[in-house]
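In what follows, every chain begins at residue 1, and chains take the letters A, B, ... in the order their sequences are listed. Hydrogens, waters and symmetry mates play no part in the numbers below; they use all other heavy atoms, side chains included.
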Protein chains: 2
Amino acid sequence: MPAARDAAPRGTRGMPRVEREAQILRAALEEFGEGGYHQTGMDAVAARAGVSKPLVHAYFGTKDALYARCAADVAERLLAAIVPVVEQAPPGVPMALETMRMLFATVRERPRDWLLVYDLTLPAGSEAEQVATAARERLTKLGAQGVRAALAASPLEGDALDADAMNHVWQAVVTALMTWWFDHPEQTPERLTERFGRLLDALTASRG
Amino acid sequence: MPAARDAAPRGTRGMPRVEREAQILRAALEEFGEGGYHQTGMDAVAARAGVSKPLVHAYFGTKDALYARCAADVAERLLAAIVPVVEQAPPGVPMALETMRMLFATVRERPRDWLLVYDLTLPAGSEAEQVATAARERLTKLGAQGVRAALAASPLEGDALDADAMNHVWQAVVTALMTWWFDHPEQTPERLTERFGRLLDALTASRG
DNA sequence: CTACCAATTGACCCACGAGTCAATTACGCT
DNA sequence: AGCGTAATTGACTCGTGGGTCAATTGGTAG
């Protein structure tokens with residue numbers, strides 16, 4: 001099994017640890033994104049990475065740990081992308097749209113990465129599920145602030161549960177546009193966001 | 001194995017076929033709804049129904065066929081509920097809301113039934129996936145007409161893809177409210193629908 | 001060149017779950 | 001009561017996939 005060292009003074013062979021790790025992680029992201037947790041095998045990940053199954057285990061431990069690592073990686077990228085937006089832009093629908101655009105842009109090369117965090121069929125109580133759930137909660141608190149502000153600014157001001165429900169809906173909308181993206185790969189983050197803006201406009205107009 | 005007969009003139013034992021079938025189907029709906037396809041075992045279904053595993057196979061064949069049967073059952077109930085709404089109400093947002101209310105009401109006792117149709121992690125190419133996909137498509141064409149009408153009536157009239165994207169978003173919104181319902185079982189179909197109406201109002205107000 | 005050592009793997013083990021079959025049970029008819 | 005029949009099941013097989021281990025490979029230091 002590989003030791004916990006990156007420099008290679010003695011007994012080095014094959015690829016440097018960091019590269020190998022990135023390579024396997026990338027393969028795992030692709031496989032998990034396409035097949036989900038249960039339909040993806042460690043063999044498939046190893047094959048896609050071009051290495052043997054034991055090596056994947058040596059680098060990431062169990063399948064559960066590998067998935068958790070992948071989900072954490074995705075979550076970290078997403079959070080890093082939207083934190084500046086939430087901190088800088090004034091709350092409101094435009095901020096929500098900008099947040100959405102940043103989310104699309106973050107997973108631009110592999111849109112299915114998003115599913116790692118939003119897969120609801122993970123083994124109950126597993127580390128993978130805990131990481132994914134935690135990631136969703138952090139994204140909720142950050143990304144939905146704009147929409148929540150919009151809700152609070154409305155003359156109706158629903159009860160406390162409305163904000164929670166709104167968060168769920170907001171995330172589902174992003175997920176829906178992500179999955180729609182899968183079938184329309186020619187779309188760009190910008191066009192997707194504009195498209196959603198049009199939908200909002202249409203909805204607004206039809207209710208005015 | 002049970003024969004294909006319902007009346008019981010000779011060699012009868014245990015429960016009548018129709019009751020037994022309904023009993024197993026119900027157990028399967030509960031199990032699949034809670035754990036999804038891959039995490040649910042035939043043993044678990046049999047145990048929940050209070051029968052043995054071979055009996056489940058005798059009644060429904062393979063696991064795949066059982067899931068397909070469950071999904072078809074859910075789809076049939078959902079379609080039967082919303083067809084009258086779509087045919088009678090005038091297109092527009094109110095019709096969409098009424099459709100939503102009927103969907104909630106249909107799965108009132110077991111909201112997780114909805115997930116049988118909207119599980120994206122089904123084995124690729126399986127009968128279960130085909131049934132679920134077909135059900136989603138039928139629901140799309142029916143349930144999204146109101147929203148599509150709203151989109152067309154807007155002054156913006158987006159391109160042809162907008163309608164497709166809008167359908168995806170619409171279904172995701174319903175799914176999101178369903179899953180939100182799981183964690184708030186005290187909610188009713190009516191209150192859920194009203195809540196979503198409030199969210200729409202707030203969104204409209206914040207953009208006017 | 002040689003010894004050493006980490007990286008890498010072929011081959012294996014094993015748990016779990018789908019699916020099957022012979023055997024058993026109990027109901028209805030005579 | 002006793003037989004025929006269909007419902008029901010205990011106990012089994014078997015393929016699949018997660019995980020492990022001893023053995024091999026090929027760099028690097030001396």
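- Under a cutoff of 6.0 Å and an axis angle of 45°, A:Arg20 and A:Tyr59 do not form a cation-pi pair.
- Taking atom NE2 of A:His38 as the reference point, atom C1' of C:dC16 lies 14 Å away to the nearest angstrom.
- The listed nucleotides are C:dC27, D:dT8, D:dG26; the one nearest the side chain of B:Thr12 is C:dC27.
- Applying the side-chain hydrogen bond (donor to acceptor under 3.5 Å, both in side chains) rule to A:Gln130 yields no partners; only residues at least two apart in sequence or on another chain are considered.
- Side-chain atoms of B:Arg13 and base atoms of C:dA26 include no donor and acceptor less than 3.5 Å apart.
- In the set C:dG19, C:dT8, D:dG19, C:dG19 carries the atom at the smallest distance from any side-chain atom of B:Lys63.
- For B:Leu55, counting side-chain heavy atoms from C-beta on, the closest listed nucleotide (D:dT28, C:dG28, D:dT9) is D:dT9.
- A perpendicular orientation is assigned to the rings of B:Tyr67 and B:Phe32, their planes being inclined by more than 60° (bins at 30° and 60°).
- Here the side chain of A:Ser52 is nearest to one of D:dT9, C:dT9, D:dG19, namely C:dT9.
- Residue B:Arg17 places no side-chain N or O under 4.0 Å from the OP1 or OP2 atom of D:dA6.
- The side chain of B:His57 lies closest to C:dG19, out of D:dG18, C:dG19, D:dT9.
- Taking side-chain N and O atoms only, A:Tyr59 has a distance below 4.0 Å to OP1 or OP2 of C:dT8.
- Side-chain contact check for B:Thr62 and B:Asp64: no donor-acceptor pair (N or O, by modelled atom type) lies under 3.5 Å.
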Can you give me the N/O atom pairs linking the protein to nucleotides 11-14 of chain D at distances under 3.5 Å, or say none if there are none?
none

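- Using a 30° and 60° split on the angle between ring planes, A:His38 and B:His38 fall in the parallel class, below 30°.
- For the pair B:Ala75 and B:Val117, the tightest heavy-atom approach, listed with the atom from each and the gap, is N-CG2, 4.3 Å.
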